[in-house]
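Fair warning: this is a prediction, and the values are worked out from it, not measured in the lab. This chain uses plain numbering: 1 for the first residue, then up along the sequence.
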Amino acid sequence: MAEAPREGFCVVGLGNPGEEYRTTRHNVGFRVVDVVAARWNVDIRRPEFRALTAEAMLGRSMVLLMKPQTFMNSSGRSVAEALTNLALPPERLIAIYDDLDLPVGRIRVRPDGGTGGHRGVASLTEHLGTDAFARVRLGIGRPPEGCAVIDYVLSPFAADDAVEMARVVSRAADAVECIVTDGIVAAMEAFNGC
């Protein structure tokens with residue numbers, strides 16, 4: 001007898017819409033979702049839930065890929081609308097975003113946690129009413145002395161870091177796939193410290 005399909009997932013990359021933000025540090029979440037979509041042969045272009053979306057199957061799980069178009073600080077509105085519409089609990093959300101507290105090139109997978117001062121994550125927590133959702137955090141490092149955080153996160157990577165981030169974005173996409181197919185614990189064991 002065939003197994004019943006597993007519950008779905010919502011995979012959201014946090015970022016800002018618009019060409020001027022495409023290559024910035026703050027948009028690594030969008031980049032990871034784009035890599036996942038390319039691997040799964042889907043285009044993230046359907047407008048719904050104040051986002052660009054695509055649906056795909058991975059194993060036995062239906063996955064909604066999302067790139068909110070609300071700008072970073074209001075990402076939670078878009079994601080909460082999607083989860084409500086799909087009747088998915090926050091525990092089935094995987095949020096992918098940049099992290100100032102991790103060095104460039106590091107990935108950290110967690111099942112829950114605080115905001116770490118990240119306004120996009122704060123918006124998710126506020127609109128979902130919980131911090132119990134999976135995170136794939138990509139290190140972007142701290143700004144140099146005298147550089148404001150907002151200027152730093154909204155600027156592109158330096159050439160050396162850009163090469164490293166291409167590798168990390170691919171590894172983060174691997175981590176997302178691992179969470180969906182094998183669970184958060186397996187992903188933490190495989191990817192934390194990368």
Side-chain angles (χ1 to χ4, degrees), residues 4-16 26-33 36 44 48-102 106-140 153 168-169 171-194:
R6 292 175 59 188
E7 204 171 340
F9 284 88
C10 178
V11 174
V12 60
L14 298 186
N16 289 310
H26 226 17
N27 271 41
V28 294
F30 275 15
R31 287 177 59 191
V32 173
V33 170
V36 171
I44 303 178
E48 63 180 345
F49 313 126
R50 303 178 217 204
L52 296 177
T53 70
E55 286 185 4
M57 288 293 294
L58 182 62
R60 295 177 289 120
S61 295
M62 176 61 72
V63 182
L64 178 72
L65 301 174
M66 288 184 69
K67 292 165 56 175
Q69 301 296 289
T70 54
F71 287 92
M72 180 69 79
N73 297 355
S74 297
S75 300
R77 292 179 182 189
S78 172
V79 174
E81 187 177 326
L83 293 184
T84 298
N85 184 274
L86 299 169
L88 289 176
E91 295 80 18
R92 304 302 282 192
L93 171 66
I94 303 168
I96 311 156
Y97 57 94
D98 58 295
D99 192 325
L100 288 163
D101 292 325
L102 291 174
R106 297 296 295 270
I107 297 171
R108 184 77 72 237
V109 178
R110 293 283 184 258
D112 54 25
T115 68
H118 195 291
R119 292 185 178 169
V121 179
S123 179
L124 292 178
T125 300
E126 174 189 352
H127 288 279
L128 299 177
T130 182
D131 63 6
F133 51 87
R135 298 117 192 278
V136 177
R137 298 161 30 210
L138 286 77
I140 61 168
V153 299
V168 172
V169 164
R171 289 286 290 156
D174 295 341
V176 169
E177 292 177 330
C178 184
I179 294 170
V180 172
T181 59
D182 301 323
I184 189 77
V185 172
M188 290 169 62
E189 290 173 354
F191 295 94
N192 285 350
C194 291

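- When atom types are taken as modelled, the side chain of N16 and the backbone of F71 share no donor-acceptor pair closer than 3.5 angstrom.
- Not counting sequence neighbours, the partners of E48 by the salt bridge (charged side-chain N to carboxylate O under 4.0 Å, His left out) test are R46.
- Side-chain atoms of R135 come within 3.5 Å of backbone atoms of G114 as a donor-acceptor pair (strictly under, hydrogens ignored).
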Side chain to side chain contact (heavy atoms under 4.5 Å, CB included) between I179 and V11, worked out: CA-CA 10 Å; I179 294 170; V11 174; over 6 Å; no
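- With sequence neighbours left out, R31 forms a side-chain hydrogen bond (donor to acceptor under 3.5 Å, both in side chains) with no residue at all.
- For D112, the salt bridge (charged side-chain N to carboxylate O under 4.0 Å, His left out) criterion is met by no residue, not counting sequence neighbours.
- The list of salt bridge (Lys or Arg N to Asp or Glu O under 4.0 Å) pairs with a residue in residues 69-81, not counting sequence neighbours, reads R50-E81.
- Under the salt bridge (charged side-chain N to carboxylate O under 4.0 Å, His left out) criterion, R137 pairs with D99, sequence neighbours left out.
- Sorted by first and then second residue, the pairs that involve residues 114-133 and meet side-chain hydrogen bond (donor to acceptor under 3.5 Å, both in side chains), not counting sequence neighbours, are D98-H118.
- Here M62 contributes atom CE and C10 contributes atom SG; the two are 13.0 Å apart, rounded to the nearest 0.5 Å.
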Trace of the side chain to side chain contact (heavy atoms under 4.5 Å, CB included) decision for V180 with V63: CA-CA 8 Å; V180 172; V63 182; 4.1 Å; yes
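- L86 is linked by a side chain to side chain contact (heavy atoms under 4.5 Å, CB included) to L64, L88, counting only residues two or more places apart in sequence or in another chain.
- A search for side chain to side chain contact (heavy atoms under 4.5 Å, CB included) contacts involving A172 returns V32, I107, V136, L138, not counting sequence neighbours.
- Taking every heavy atom of both residues into account, F49 and S78 meet most closely at O-OG, 2.6 Å.
- When the options V176, L52, I96 are evaluated for a side chain to side chain contact (heavy atoms under 4.5 Å, CB included) with V33, the one that passes is I96.
- The shortest heavy-atom contact between A187 and V109 is CB-CG1, 4.1 Å.
- Remark: A134 engages I94, I184 in a side chain to side chain contact (heavy atoms under 4.5 Å, CB included) (not counting sequence neighbours).
- Minimum interatomic distance between F30 and G15 (heavy atoms only, all atoms of both residues): CE1-N, 3.4 Å.
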